[in-house]
Amino acid sequence: MSASDSFPDASAEQEEFEALAPAAAEALASELRRELERHERLYYRDGQPEISDREFDALLRRLETLEGVHPAVRTVDSPTQRVGGEPLEGFEQVPHDPPMLSLDNAYGSEELGEWGGRLDRLLAGDPCHFVAELKVDGVSISLLYEDGVLTQAATRGNGRVGDVVTENVRTIRSVPLRLEGAPARLLVRGEVFMPRSVFAELNEQREQDGLPLYVNPRNTTAGTIRLLDSREVASRRLDCVVYDVAEPTLAETHAEALEALASFGLPVHDGWRRCDALESVETYIEEWEQKRAALDFDTDGVVVKVDELSLREEVGFTSKAPRWAVAYKFEAEQARTRVLEIGAQVGRTGALTPVALLEPVFVAGTTVQRATLHNYEDLARKDVRVGDTVVLEKGGDIIPKVVEVVLDERPEDSEPFIEPEVCPVCGQPLVRFEGEVALRCVNPACPAIVRESVRHFVSRNAMHIEGLGDKLVDQLLNEGLIEDYSSLYSLRAEDLMGLEGWGAKSAQKLLAEIEKSKERGLGPLLHALGIRFVGERVAGILASHFGSLEALRSATHEQLVQVHEIGPKVAESLEAFFAHEGNGERLEKLVSAGVSVEGELAAAGEKPLAGKTIVLTGTLQRLKRREAKAGLEALGARVSGSVSKKTDLLIAGEGAGSKLAKAEELGVEVADEEALEALLGDLG
Ligand code: IVH
């Protein structure tokens with residue numbers, strides 16, 4: 001079955017793509033790949049998706065169709081070729097046999113019907129039954145029981161290799177450590193998740209402690225299962241369900257297998273149902289669409305599986321997913337409520353985000369009182385007004401969005417919302433830069449900007465001052481104990497001890513953390529300063545290139561743009577930052593407080609790999625990937641994430657896959673871990 005066969009709804013796109021010349025197809029494919037990669041990063045790494053799963057899938061399908069029509073544009077590292085995320089460092093890894101596959105999605109009953117139609121054709125009239133189960137929105141897990149005892153638990157990783165997280169999974173109460181009556185070797189698959197009630201409690205506690213809130217239960221589960229300290233995992237009270245047997249075959253049907261798993265004591269969610277036809281699967285879906293809001297876990301759909309294992313064998317798998325199962329995705333949970341007020345939040349860069357203040361409403365497990373309206377353009381397009389009834393959607397995240405206005409319920413006297421002209425916090429006029437959507441407050445003394453910039457300065461990936469949460473930052477500013485980030489270093493124990501609930505011990509502890517932050521070095525400092533377009537990565541590049549704050553400050557525009565990956569936008573932003581008088585004063589204060597403004601710059605003669613681009617792939621046995629990267633960078637190399645014609649060397653660890661193939665295809669030199677060690681050892 002080709003890619004286009006599996007998505008018959010793509011025929012219009014197919015025609016569009018057939019008309020494309022090879023160069024145009026190549027350009028479109030590379031644009032789609034970049035776009036998909038960006039959304040993957042937003043979703044998995046940042047936990048801040050900009051588009052829905054459905055929109056993401058539509059993009060992915062578009063690329064898949066394009067690759068089907070023009071096979072030459074398919075690359076080995078295309079997002080269509082991957083099963084999941086790469087395994088992480090810090091955990092032992094284990095291969096998955098059989099691999100942990102993903103599922104194709106179906107949105108709406110039409111697509112479900114299309115999946116059924118394809119099955120019918122493949123089965124050529126053999127009658128089949130289905131099992132419908134809830135799709136729990138968590139993190140997939142593989143559990144191995146030997147002689148009835150849980151001996152190994154592993155995350156999905158990239159589907160072929162995962163991380164061994166046995167200790168962490170042992171802390172989950174619903175996972176039995178010992179089974180009753182199970183075969184000598186039993187390998188099962190399931191989902192670890194954080195109940196909504198536990199997530200809500202955890203966030204309440206974090207709010208009290210002044211820590212940033214977690215975005216949603218799924219991301220929190222993913223973060224928790226990878227914690228290195230299993231006592232910490234135990235305190236998070238994760239839960240688990242089991243939905244599949246990988247080995248051995250326990251029965252002739254999936255329904256019987258689920259019953260067997262439950263009889264061994266494994267946590268099978270009892271909401272599953274055997275259905276004679278897709279009509280009854282649809283009834284099941286409708287029922288759970290109603291009931292799911294009341295569940296104590298997030299569910300994003302229903303998994304429909306062929307019940308007869310013999311028929312599963314007949315239809316088989318594609319490279320990514322079984323043909324005998326499909327994930328029917330629910331619409332995101334929605335609710336209606338009234339807009340009481342339209343306010344705004346001022347971010348660190350001064351950008352305003354309009355926010356709707358709402359009549360409290362219960363949706364997807366929590367009570368919601370605020371929703372984001374993204375930006376003023378979006379707000380105007382949706383024409384949201386005070387007094388309007390709106391539809392809210394919560395894609396599992398804690399901040400819901402306003403989807404649309406219910407125009408039938410608009411009050412007669414309602415008036416269009418007018419964009420603010422002044423900052424709601426400091427009252428200064430707002431500006432909109434050319435080509436930008438955002439309205440901005442440009443007053444560097446605006447209390448909201450100052451507050452956000454201090455919060456950013458102390459955050460984990462910047463100066464990382466432990467114990468200085470959002471609440472404490474607010475308190476220090478409100479009490480006038482600090483005026484901006486630079487005055488953090490003048491704080492005295494007496495100042496802190498004047499705050500309610502503070503004693504000598506807690507004050508000393510915080511001061512020690514502040515002291516420690518002075519040694520973070522130039523990279524984290526540059527990131528902490530919150531210069532526009534200078535994120536963690538760019539800050540690191542600048543630090544290792546220039547080596548000191550002084551060298552960076554005195555660099556000319558030409559010198560800046562000559563640095564690999566530094567463009568004119570970043571250069572201009574740096575120049576504007578250093579030209580600003582207030583910034584100069586704050587930097588002086590940091591320097592005189594003893595904050596380190598030096599980077600890890602080695603002398604030119606000690607940089608034998610300067611100008612070389614190196615890519616690391618696969619699993620390294622002795623070195624941590626982070627260490628290898630740092631070592632190579634210290635020798636002057638640029639360590640990149642993807643192989644291209646510009647790559648000078650690929651270091652391939654165990655299990656290297658698509659990147660190795662690409663390097664070989666492009667004739668890029670390949671070395672193994674031993675060679676890497678020699679490189680680092682001899683030259684370092
Ligand atoms: S069956 C080879 N059943 O959804 C079939 N998956 O999008 C394996 N999931 O990776 C999957 N609930 O993490 C199956 N009842 C269920 C599920 C379920 C949640 C997850 C699972 C899988 C993903 C696929």
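In listed order, ligands and their atoms are each counted from 1.
Side-chain atoms of Y328 and W115, non-hydrogen and from C-beta on, never get closer than 4.5 Å to each other.
Taking every heavy atom of both residues into account, V306 and H254 meet most closely at O-CB, 4.3 Å.
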Would F17 and E67 count as a side chain to side chain contact (heavy atoms under 4.5 Å, CB included) if you check the C-alpha gap in whole Å, the side-chain angles of each, and the deciding distance to 0.1 Å?
CA-CA 9 Å; F17 297 147; E67 289 174 343; over 6 Å; no
Residue pair T224, R236: steps toward the side-chain hydrogen bond (donor to acceptor under 3.5 Å, both in side chains) verdict:
CA-CA 8 Å; T224 303; R236 299 273 182 93; 2.7 Å; yes
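The immediate protein surroundings of ligand 1, defined as residues with any heavy atom under 4.0 Å of it, consist of L101, L103, E133, L134, K135, V136, S140, E191, Y243, V303, K305, P322.
Ion pair E35/R38 flagged as a salt bridge, since at least one NZ, NE, NH1 or NH2 atom sits closer than 4.0 Å to an Asp/Glu carboxylate oxygen.
Considering E287, E282, E133 in turn, E287 is the only one that fulfils the salt bridge (charged side-chain N to carboxylate O under 4.0 Å, His left out) rule with R273.
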